[in-house]
Amino acid sequence: MYDCIVPEFALFQQRRTKPQAVFELRLEYRRWLHLKSAAGAGPAPLSKAAAVAVALGYRAEPLDDGSLAVLDIELEAALLLCQRLPELIGRYEVPARLNRS
């Protein structure tokens, strides 16, 4: 059986070879969802989460520690993504204030 998420999975796997540093993504000025695998879950759920996020139009970036950052995602979409992938641990981050320079 062919899974329709395979192209996005391959794209995420290519990006994982060059993880972005947190300071390069400027996460302190963005809303983002931090996803990491629960103990024993392996990397497959993170790859699936990245594929789903990209399919929904969000930017998904792997971080140095092996976790995933979904950038500029709304709270409702973040909650739905966490509900759809219960094997991941999600933390939603909102900046204290936006730098408007």
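FYI, side chains are in, hydrogens and waters are out, and symmetry mates aren't considered; it's all heavy atoms of this structure. What you see is a predicted model; the values in this text were computed from it and never measured.
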### Task
For residues Gly90 and Leu35, report the shortest heavy-atom separation together with the two atoms involved.
CA-CD2, 3.7 Å
### Message
Show the nearest heavy-atom pair for residues Ile89 and Ala38, with the distance to one decimal.
### Response
CD1-CA, 4.0 Å
### Query
How close do Val94 and Arg31 get, heavy atom to heavy atom, and via which atoms?
CG1-CG, 4.5 Å
#### Entry: Closest contact, heavy atoms only, Gly66 versus Leu46
O-CD1, 3.1 Å
### Message
If the condition is side-chain contact (heavy atoms from CB on, under 4.5 Å), which residues does Leu75 pass it with, not counting sequence neighbours?
### Response
Leu79, Tyr92
### Query
If you look only at pairs with a residue in residues 58-82, which of them pass as a ring pair (Phe, Tyr, Trp, His ring centres under 6.0 Å), with sequence neighbours excluded?
none
### Query
Does Val70 belong to the same Ile/Leu/Val/Met/Phe/Trp/Tyr cluster as Val52, with side-chain heavy atoms less than 4.5 Å apart forming each link?
yes
### Task
Hey, could you give me each pair passing side chain to side chain donor-acceptor pair (under 3.5 Å) that has a residue in residues 33-43? Not counting sequence neighbours.
His34-Ser67, His34-Arg91
### Task
For Glu87, enumerate each residue passing the side-chain contact (heavy atoms from CB on, under 4.5 Å) test, keeping only those at least two apart in sequence or located in another chain.
Pro45, Leu85
### Message
Please say yes or no: joined through hydrophobic side-chain contacts below 4.5 Å, possibly via intermediate residues, are Leu80 and Trp32 part of one cluster?
### Response
no
### Summary
Note: Leu68 and Pro62 closest approach over all heavy atoms is CD1-N, 4.1 Å
### Query
Which salt bridge (Lys or Arg N to Asp or Glu O under 4.0 Å) pairs, counting each pair once, include a residue from residues 72-83, with sequence neighbours left out?
Arg30-Asp72
